[in-house]
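Single-structure report; data block below.
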Amino acid sequence: MQNSLFDFSRQTDPDRLTIQRAYRFWAPLYDLVCEGLFMSSRRKAASIAGRIGNDILEIGVGTGLSLGDYGRNVSLSGIDLSPEMIGRAEIRASKGMMARLRSLRIMDAHDLAFSDSRFDVVVAQFLITLVENPERVLDEALRVTRPGGEIILVNHFYSETGPAAWLERRLAPLVRPIGLRPDFPFQRVERWAEARDVEIISRTASGIFGSFSIVRLLVARPATSRSEVPHA
Ligand SMILES: C[S@@+](CC[C@H](N)C(=O)[O-])C[C@H]1O[C@@H](n2cnc3c(N)ncnc32)[C@H](O)[C@@H]1O
């Protein structure tokens, strides 16, 4: 459905170079600005992910603020495009964490170097609105998630109506060079999920003023053919 006030078809997604530059700038400041702001949403997402399965990939792991949020049962892999951000995640990990860390790697979420169905859960916190091609990143997350597993997104999405939406539209072009995108519509995730037969299990408001969403996307299990139905 097209929002009548704002033509999203004219929106472009951020380019990789701008995002790389922005997160080179953010790396030394990031924890100071974002640690407290994202904490409750991050912890909720990690707790949900840990209940789904042990083998978890976090894409756009950044400075690794979430590394301490996962429980002891979790085997965690993290990737990020920015060497500066992931360098900080490595320092954080070296100080200890509860989860078992498999790897932290510089990698583009558009091209994940992992095999199909490799993970129980893929988590993307404050990432999907910042990538060059969000649908492609979702496709990659889908590819590496096992059937019956989940993709969990944590993000602010465009407010759609009211003064908040007005402000987000006005701010969008100003904050894009610093790697922020307040006007990304949730309907892009909905459209993608519909096209891929992925079920949106829930979208839960979280964080200050409920301005973030925790979105759970269930990766379908292949239909069981009659001959494969186990006998009682
Ligand atoms: C807003 S930060 C979020 C970091 C972390 N997830 C958190 O919640 O604190 C966005 C992160 O996504 C990373 N990123 C942006 N585009 C990416 C891409 N194409 N592939 C992997 N990481 C990317 C940035 O380098 C940055 O570390």
Run the side chain to side chain donor-acceptor pair (under 3.5 Å) check on Asp69 and Ser66 step by step: do they pass? CA-CA 5 Å; Asp69 299 335; Ser66 64; 5.1 Å; no
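- The residues Arg88 and Asp31 are annotated as not salt-bridged, no charged nitrogen and carboxylate oxygen being separated by less than 4.0 angstrom.
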Report the C-alpha distance between Ile106 and Leu81 in whole Å, list the side-chain angles of each, state the deciding distance to 0.1 Å, and finish with yes or no for side chain to side chain contact (heavy atoms under 4.5 Å, CB included). CA-CA 5 Å; Ile106 299 168; Leu81 188 64; 6.0 Å; no
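- A cation-pi contact, defined as under 6.0 Å to the ring centre and within 45° of the axis, is absent between Arg181 and Tyr158.
- Distance alone, capped at 3.5 Å, places no donor-acceptor pair between the Asp183 side chain and the Glu168 backbone.
- Aromatic ring centres of Phe38 and Phe212: separated by under 6.0 Å.
- Grouping the Ile, Leu, Val, Met, Phe, Trp and Tyr side chains by contacts below 4.5 angstrom, directly or via other members, places Ile19 with Val175.
- With a 6.0 Å radius and a threshold of 12 heavy atoms from other residues, nucleotides or ligands, Asp197 has its CG atom at or below the threshold.
- Using a 4.5 Å cut-off on side-chain heavy atoms (C-beta onward), Asp13 and Asn133 make no contact.
- Using modelled atom types, one side-chain atom of Asp120 and one backbone atom of Asp55 make a donor-acceptor pair closer than 3.5 Å.
- In this structure a side-chain-to-backbone donor-acceptor pair under 3.5 Å is missing from Arg203 to Ile214.
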Verdict with reasoning, Arg216 to Ile52, per side chain to side chain contact (heavy atoms under 4.5 Å, CB included): CA-CA 11 Å; Arg216 296 179 62 181; Ile52 299 161; 4.1 Å; yes
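- With a 4.5 Å cut-off on side-chain heavy atoms, Ile79 and Leu112 count as touching.
- Between the Ser82 side chain and the Met85 main chain, a donor and an acceptor come within less than 3.5 Å of each other.
- The same ILVMFWY cluster, assembled from side-chain heavy atoms under 4.5 Å apart, contains both Leu67 and Val121.
- No donor-acceptor pair closer than 3.5 Å links the side chain of Arg72 to the backbone N or O of Met98.
- Counting heavy atoms from C-beta on, the side chains of Val189 and Phe184 come closer than 4.5 Å.
- Ion pair Arg143/Glu140 flagged as a salt bridge, since at least one NZ, NE, NH1 or NH2 atom sits closer than 4.0 Å to an Asp/Glu carboxylate oxygen.
- At a threshold of 4.5 Å between non-hydrogen side-chain atoms, the residues Arg188 and Pro134 count as touching.
- Side-chain N or O atoms of Thr18 include none that pairs as donor or acceptor with a backbone N or O of Pro14 at under 3.5 Å.
- In this structure the side chain of Glu84 never reaches within 4.5 angstrom of the side chain of Phe25, judged on heavy atoms.
- A donor-acceptor contact shorter than 3.5 Å is absent between the side chain of Asp108 and the backbone of Asp111.
- Put simply, the side chain of Val137 reaches to within 4.5 Å of the side chain of Ile128, judged on heavy atoms.
- Counting only distance, with no hydrogens or angles, the side chain of Glu132 and the backbone of Arg16 share a donor-acceptor pair below 3.5 Å.
- A 4.5 Å side-chain heavy-atom check between Arg100 and Asn54 finds every atom pair outside the cut-off.
- With hydrogens and angles disregarded, a donor-acceptor distance shorter than 3.5 Å links the side chain of Arg136 to the backbone of His110.
- By the 4.5 Å heavy-atom criterion applied to side chains, Thr204 and Lys44 are not counted as neighbours.
- Enclosure of atom CD in Glu194 is not indicated, since only 12 or fewer non-hydrogen atoms of other residues, nucleotides or ligands lie within 6.0 angstrom.
- In terms of hydrophobic clustering, with Ile, Leu, Val, Met, Phe, Trp and Tyr side chains grouped at heavy-atom distances under 4.5 Å, Leu29 and Leu180 are assigned to a common cluster.
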